[in-house]
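So the structure is just underneath, and the comments pick up after that.
Values below: every heavy atom of this structure, side chains too, minus hydrogens, waters and symmetry copies. All values reported here derive from a predicted model rather than from experimental measurement.
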Amino acid sequence: QVQLVESGGGLVQAGGSLRLSCAASGSIFSINAMGWYRQAPGKQRELVAHITSGGSVNYADSVKGRFTISRDNAKNTVYLQMNSLKPEDTAVYYCNADITGWRTREFDYWGQGTQVTVSS
């Protein structure tokens, strides 16, 4: 019953900005950690940013100083503000959430992915 719905991807020129959103819905007891991953063509999926329920964050070295992850617990939503985008940021971005349901133990859920393309 739990679903993650992503939005905000698109095409942007180098140096531009995008904000990704991911909203969780369904039979949710609690949401623990949330994060963003990305997968570029021919590469493995990698962690971009991660945030705990208490607000502790971490980032991949490649995005530090440019990306900001945040969450709105009242809306069960996580955001990724991406500034100073580079062509190497081009990838499919996936939302991830560690969720405990009323009947289901803690489990990682994934969004469908949203394409981010940065042109030079």
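The two residues A14 and S120 have their closest heavy-atom pair at CB-CA, 4.4 Å. Of all heavy-atom pairs spanning H50 and A33, the tightest one is NE2-CB, 3.3 Å. Residues S84 and S17 come closest through the heavy atom pair N-OG, 4.3 Å.
Identified under the salt bridge (Lys or Arg N to Asp or Glu O under 4.0 Å) test for residues 66-86, with sequence neighbours left out: R66-D89. Under the disulfide bond (SG atoms under 2.5 Å apart) criterion, no residue pair touches residues 55-84, with sequence neighbours excluded. Applying the disulfide bond (SG atoms under 2.5 Å apart) test to every pair with at least one member in residues 24-55, sequence neighbours left out, gives no pairs at all. Identified under the disulfide bond (SG atoms under 2.5 Å apart) test for residues 66-120, with sequence neighbours left out: C22-C95. Here disulfide bond (SG atoms under 2.5 Å apart) pairs that include residues 27-82, with residues two or more places apart or in two chains, number zero. Annotation: salt bridge (Lys or Arg N to Asp or Glu O under 4.0 Å) contacts involving residues 101-120, sequence neighbours excluded, are absent. Sorted by first and then second residue, the pairs that involve residues 2-36 and meet ring-ring contact (aromatic ring centres under 6.0 Å, His included), not counting sequence neighbours, are F29-W102.
Each of T117, V116, V118 was checked for a side-chain contact (heavy atoms from CB on, under 4.5 Å) with L18, and the lone residue meeting it is V116.
Listed by chain and number, the residues in a salt bridge (charged side-chain N to carboxylate O under 4.0 Å, His left out) with R45 amount to none (sequence neighbours excluded). Listed by chain and number, the residues in a salt bridge (charged side-chain N to carboxylate O under 4.0 Å, His left out) with E46 are R38 (sequence neighbours excluded). In this view, K43 satisfies the salt bridge (charged side-chain N to carboxylate O under 4.0 Å, His left out) rule with no residue, not counting sequence neighbours.
In this structure, V92 shares a hydrophobic cluster with Y37, L47, Y94, W110, the cluster being traced through Ile, Leu, Val, Met, Phe, Trp and Tyr side chains under 4.5 angstrom apart. The hydrophobic cluster containing L11, built from Ile/Leu/Val/Met/Phe/Trp/Tyr side-chain heavy atoms closer than 4.5 Å, comprises no other residue.
Taken to the nearest 0.5 Å, the CZ atom of F67 stands 5.5 Å off from the CE atom of M82. Atom OG of S7 sits about 8.0 Å away from atom CG of L20, to the nearest 0.5 Å. Atom CG of N73 is separated from atom CE of M34 by 8.5 Å, given to the nearest 0.5 angstrom. Atom-to-atom distance recorded for N83:CG and R19:CZ is 11.5 Å, nearest 0.5 angstrom. For the atom pair CZ of F107 and CG of N32, the computed distance is 14.0 Å after rounding to the nearest 0.5 Å. The OG atom of S70 sits 6.5 Å away from the CD1 atom of I51 when rounded to the nearest 0.5 Å.
Looking at T90 and E88, their side chains never bring a donor and an acceptor atom within 3.5 Å of each other.
In this structure, Q39 places its CD atom where more than 12 heavy-atom neighbours from other residues, nucleotides or ligands lie under 6.0 Å away.
Side-chain contact between Y59 and I69 is present, with at least one heavy-atom pair separated by less than 4.5 Å. Between L80 and V48, the closest side-chain pair of non-hydrogen atoms falls below 4.5 Å. Two residues are said to be in side-chain contact when any heavy atoms from C-beta on lie closer than 4.5 Å; I99 and L4 meet this criterion.
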